[in-house]
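Treat the numbers as computed from the prediction; the structure is a model and nothing was measured. Residue numbers begin at 1 in each chain, while the letters A, B, ... track the order of the sequences.
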There are 2 protein chains.
Amino acid sequence: MAIVDDMVCFSLYSASRATTRAYTELLAPWQLTYTQYLVLVALWSEGDKPVREIGEMLQLDSGTLSPLLRRLEQKDFIERQRDDQDSRVVNVRLTPAGVSLRKELAHIPAQIACGTGLSDMENAKELLASLHRITASMQQIPAPDQASGQ
Amino acid sequence: MAIVDDMVCFSLYSASRATTRAYTELLAPWQLTYTQYLVLVALWSEGDKPVREIGEMLQLDSGTLSPLLRRLEQKDFIERQRDDQDSRVVNVRLTPAGVSLRKELAHIPAQIACGTGLSDMENAKELLASLHRITASMQQIPAPDQASGQ
DNA sequence: CGCAATTCAATTGTGCGCAACTTAAATTAT
DNA sequence: ATAATTTAAGTTGCGCACAATTGAATTGCG
């Protein structure tokens, strides 16, 4: 059983890397990474957002997001501005170029859909459920405790 | 359908990161990363191997493996030696410390098993099949071609 | 009000993942 | 035999993931 679980983890890791590579190839003409694409998807679907909310959506901290957003800003797809009310907050806003990129990249989900090799929706639902269950329960594993050797 | 596939990819990415974090926590007392652990698992189960074969097993290239193996060597878990017959090849061998680490880390798969939240073996099998299918078909997505827009 | 605790973003540092390139050795072809 | 090709491992460079720290702003509590 334990061996199977190690296999599940490795398969997860392999599948995730294969997926990232696929997105990277599709996004290459725009010089975008998969994570940068995820941020753009979040902004397209949810509108402008502060850094903290983007981080909550994608489960990324400022150590990842700050330099990533700087690069998206350099490419002129987003702008960052300190909030007027609370100047700790930095609001992220799509530029016109960032907005119009949505149509340019509209072909990507369909190409990825082929890549999932998921024939029917029923399989996809089960897979999603399994992945969500794993994500949730992996987060339960506690930091190793000096006292409880085991 | 396309949106679901984007969701599958993101869920994959999230589950994979959650899993890596879980391993990282469990491996923290030994200062090992998940990828370093994978290399050790490969050596424990298959015996000594040249770098190229480790790379084939884990789908990692020398750009990742060379520095990783250097760090495992510095921790005295492995040794590297140029092959006598073919001096392009570098053979990786477990040290006594690397061998005995296997027992020390024997508790980890069981703890990860809890983390997968997979109740029965049947679910695990289906999940494995889905992940392998995704890995295989994602590798089919071709590099974007200048000529064929779309 | 005044100060401690909290929150938010950025920075620093480490290691992985991967593309591109280098170097050296072995293989193949001529 | 030697030139061309291929193979193996290493190096460089970039971006992400994440822990730890910093600094500034805000909130909360006495």
Side-chain angles (χ1 to χ4, degrees), chain A residues 10 13-25 27-28 30-39 49-56 58-75 78 80-92 138-139 143-144, chain B residues 10 13-25 27-28 30-39 49-56 58-75 78 80-92 138-139 143-144:
Chain A
F10 179 67
Y13 164 78
S14 296
S16 178
R17 285 200 293 134
T19 302
T20 301
R21 279 194 297 269
Y23 273 103
T24 300
E25 298 237 40
L27 293 167
W30 293 268
Q31 298 258 76
L32 287 170
T33 67
Y34 178 51
T35 314
Q36 288 169 15
Y37 171 76
L38 286 178
V39 168
K49 287 210 163 304
V51 174
R52 184 187 53 77
E53 286 188 41
I54 297 174
E56 283 167 7
L58 307 181
Q59 291 289 333
L60 294 169
D61 68 5
S62 66
T64 301
L65 283 177
S66 287
L68 185 152
L69 293 171
R70 179 169 44 73
R71 284 185 281 269
L72 279 180
E73 194 168 35
Q74 282 166 357
K75 293 184 223 275
I78 64 165
R80 284 186 291 180
Q81 197 169 12
R82 290 267 165 200
D83 191 278
D84 289 337
Q85 262 63 45
D86 185 342
S87 60
R88 289 171 304 181
V89 173
V90 168
N91 291 306
V92 179
M138 281 296 169
Q139 284 165 356
Chain B
F10 179 68
Y13 164 77
S14 295
S16 178
R17 285 199 295 135
T19 302
T20 301
R21 279 194 297 268
Y23 272 103
T24 301
E25 299 237 40
L27 293 167
W30 293 270
Q31 297 258 78
L32 287 170
T33 66
Y34 176 52
T35 314
Q36 288 168 15
Y37 171 77
L38 286 177
V39 169
K49 286 213 163 303
V51 174
R52 183 187 55 75
E53 286 188 39
I54 296 175
E56 282 168 6
L58 306 181
Q59 291 290 332
L60 293 170
D61 69 5
S62 67
T64 300
L65 282 176
S66 288
L68 186 151
L69 293 171
R70 179 170 44 73
R71 284 186 281 268
L72 279 179
E73 194 168 36
Q74 282 166 357
K75 294 186 222 274
I78 64 164
R80 285 186 291 180
Q81 196 169 13
R82 288 270 164 197
D83 191 278
D84 289 338
Q85 263 63 45
D86 186 341
S87 58
R88 291 171 305 181
V89 173
V90 167
N91 292 305
V92 179
M138 281 295 168
Q139 286 166 355

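- Side-chain nitrogen and oxygen atoms of Arg21(B) include none within less than 4.0 Å of the OP1 or OP2 phosphate oxygen of dA17(D).
- Here the C1' atom of nucleotide dG15(C) and the CG atom of Leu72(B) are 12 Å apart, to the nearest Å.
- With distances taken from any side-chain atom of Thr33(A) to the nucleotides dA17(D), dG15(D), dC8(C), the minimum falls on dG15(D).
- Between Asp61(A) atom CG and dT12(C) atom P the separation is 15 Å, expressed in whole Å.
- Residue contacts shown for Thr64(A) include a base, since a base heavy atom lies under 4.0 Å away.
- Of the candidate nucleotides dT11(C), dG15(D), dA9(D), dT11(C) has the atom nearest to the side chain of Pro67(A).
- Of the two residues near DNA chain C, Ala18(A) and Arg70(A), the one whose nearest nucleotide lies more 5' is Arg70(A).
- Residue Arg80(B) is in sugar-phosphate contact alone, with no base atom involved, counting any heavy-atom pair closer than 4.0 Å across all strands shown.
- Rounding to whole angstrom units, CG of residue Asp86(B) and C1' of dT6(D) are separated by 12 Å.
- An OP1 or OP2 oxygen of dC16(D) is reached within less than 4.0 angstrom by a side-chain nitrogen or oxygen of Gln36(A).
- Spacing between atom CG of Leu27(A) and atom P of dG15(D) amounts to 15 Å, rounded to whole angstrom units.
- Rounded to an integer number of Å, the gap from CZ of Arg88(B) to P of dT6(D) is 13 Å.
- Atom pair Leu60(A):CG and dA9(C):P shows a separation of 13 Å (rounding to whole Å applied).
- Distance from the side chain of Pro50(A) is smallest to dA9(C) among dA9(C), dC16(D), dA26(C).
- As rounded to whole Å, 19 Å separates atom P of dC8(C) from atom CD of Gln81(A).
- Taking 4.0 angstrom as the limit, Arg52(A) places none of its side-chain polar atoms (N or O) nearer than this to OP1 or OP2 of dT7(C).
- Mapping Gln59(B) and Glu53(A) onto DNA chain C by nearest heavy atom places Glu53(A) at the nucleotide closer to the 5' end.
- The pair Glu56(B)-Arg52(B) meets the salt-bridge criterion, with a side-chain N (NZ, NE, NH1 or NH2) lying under 4.0 Å from an Asp/Glu carboxylate O.
- Nucleic acid contact class of Leu65(B) (heavy atoms, under 4.0 Å, all strands): none.
- With hydrogens and angles disregarded, a donor-acceptor distance shorter than 3.5 Å links the side chain of Arg17(B) to the backbone of Gln59(A).
- Applying the 4.0 Å criterion to OP1 and OP2 of dG15(C), one finds that Thr35(B) has every side-chain N and O outside that range.
- Inter-residue side-chain proximity for Val92(B) and Lys49(B) is flagged as unmet; no heavy-atom pair is nearer than 4.5 Å.
- Lys75(B) has its side chain within reach of Leu32(B): a pair of non-hydrogen atoms, C-beta onward, lies under 4.5 Å apart.
- Aromatic ring pairs are classed by plane angle as parallel below 30°, tilted from 30° to 60° and perpendicular above 60°; the pair Tyr13(B) and Tyr34(A) is perpendicular.
- Proximity of a side-chain donor or acceptor of Arg80(B) to a complementary backbone N or O of Asn91(B) within less than 3.5 Å is not detected.
- Base contact: Ser66(A) has a heavy atom under 4.0 Å from a base atom.
- Contact annotation for Ser62(A): base contact, defined as any heavy-atom pair under 4.0 Å involving a base atom.
- Following rounding to the nearest Å, Phe10(B) (CZ) and dC16(D) (P) show an atom-to-atom distance of 15 Å.
- Nearest to the side chain of Ser87(B), among dA26(C), dG10(D), dG15(D), sits dA26(C).
- Close to dA17(D), at under 4.0 Å from its OP1 or OP2, lies a side-chain N or O of Tyr13(B).
- Comparing Gly63(A) and Asp84(A) along DNA chain D, the residue whose closest nucleotide (by nearest heavy atom) sits nearer the 5' end is Gly63(A).
- The residue Gln85(A) sits close only to the backbone: its heavy atoms come under 4.0 Å of sugar-phosphate atoms, none of a base.
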